[in-house]
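Taking it in order: structure first as structure tokens, then the write-up.
All heavy atoms count here, side chains included; hydrogens, waters and symmetry mates do not. Here is the naming used below: chain letters follow the sequence lines, and residue numbers restart at 1 for every chain. Just so you know, these numbers come straight off a predicted model, no measurement behind them.
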Amino acid sequence: MSAEPIALSAPKRGAAADSNDDAYRVEPHAQARGLRRLLPRHRGAAQRVAVADGATQSFLAGRWARRLVDAAIETPMDRLEAHLETVRTGWASELNVYRDERVAAGRPLAWYEEQKAGGGAAATLLVADVRSGSVELASRGDTVAMHLRDGELLDAVPMSDPDAFGNHPELVVTIAEVPHLRRTSWSTRPSDQLVVATDALAEWLLRQAPGGGIATALDGLSRPDRFGPIIESEREHGRLHDDDVTLVVVEL
Amino acid sequence: MYDQFVTRSNPALFVFLIDRSTSMVSNIAGREQSKAEFVADALNLTLGNLALACAREEGVRDYVHVAILGYGADVASSLPGGAERRSISALADAPLRLERRRTLLPDGAGGVAEREIELPIWVEPAADGLTPMVEALGRAAAICEQWVREFPRSFPPTVINLTDGGATDGDPVGAAELLRKVESDDGATLLINVHVSEAGGERLLFPVSADELHQVDDPLADQLFEMSSQLPPILVEQGASSGLSLRSGARGMTYLADASDVVRTLNLGTSTVSGR
């Protein structure tokens, strides 16, 4: 396992990469390795992970997921809800910009797009603030954070039961005030791992948990050249739901 | 069985059979609107909801294909242009027109509420002629057979028959049985019968056993029960989550359905897609 954070994502089967409604950011990210070395954890430098899973049936779900992730990555944990609410209230004007762009492109919104736009956009959100010796989590919905030590699953939030996933997760939506996010803190040791996965992959990983199977699964999944083929194979065998999937692994 | 996830490579097929006989001109129970007009509205709303359920950022994805057969003076496709089957994206991009309408919409809690919406219109009301339901069921079976050859792994076809009376061209029970024998790898074709009422009276919704038919004492109810599929668990669950009290083993049948029942049954029958 690399000491650098790993972030991988794949769209639904046969879908173009730009139709992936999952969004993620890890800061400092893998390309900024030098920066991480300059900011050792004992000086209090945090690493931030944000993952959002756009509800595909809602309008501009991927765009909303990206807005949430961009907002969450740069905001102090104690001001998350307030900042997300500001972003949410700006969504209407963003929608108008999109509407204008479509008119300018000669493709005004169709009747079904206008009706869907009225219903708003929705996404899950999970934010992890990683510091030396601790991880603070804020989340809404069924994107899951897992805490691993020596390959064993110590905890998973908001759910650790693979049978608990359903079709109606809680969401951050553009048409209602941003609610309080669920908060959790973990005490961590060096070489513990934080794993964040969107619902389909989280369910799949949690099914491997008994007997330390998550570590084995991650050994393959976290290699960029193996991620796509494993996802495809598991979908083909009916063991993984055909959904956008995102995986972030951070060695603590 | 009945658990195939609906995707573009494994899309769903909905076949709507609409009674267009002369008797459809009288008002439906609970509304100042003819049965023909109400059924057309409800069907247009259902098609619109299916399009919305399939709409994504880049347009409408073809998770669904649709066939609509009207039966009255003749048996013919009621899709724009007379096509036998259309993809949901082709329908979504080309309604006949958009109309502002007050109509009944599911309220998400098992009931319905009247709201004004911009309703896309694909199907026009009509009421003329007899009730050649047997021929319509046979045509539906041919459409479904072609479908399962093209998409053998898909969730099986769902056929929803909206009628206000008995067939005038023979016994529909045999034709319904042949239709229900058309199978994909995921199960047999589902036939849901919606009997729309002008009079109101003792309604019978999603009965489980033939014993329940005694309360209405009408051979037509017995016939509809024989014709209708047992609803698979996924639809029973969808019904429960939308407030319909469906029991395990329920038949896809509503007898003397009023306007609200028609909307709820169409919503249930298409919930394999729109409920996701």
Taking A:Glu236 first and then A:Arg13, would you say they form a salt bridge - that is, a charged N and a carboxylate O separated by under 4.0 Å? yes
So, the part of A:Ala16 with a heavy atom under 4.5 Å from chain B: the answer is neither
Applying a strict 4.5 Å limit to non-hydrogen atoms, the region of A:Glu113 in contact with chain B is side chain
Sidechain N-carboxylate O distance under 4.0 Å for A:Glu101, A:Arg99: no
Would the number of heavy atoms belonging to other residues, nucleotides or ligands and lying under 6.0 Å from CZ of B:Arg153 be above 12?
no
Under 4.5 Å to a heavy atom of chain A? For B:Leu98 that would be side chain
Q. Do side-chain atoms of B:Ser154 reach the backbone of B:Ala12 as a donor and acceptor pair under 3.5 angstrom?
A. no
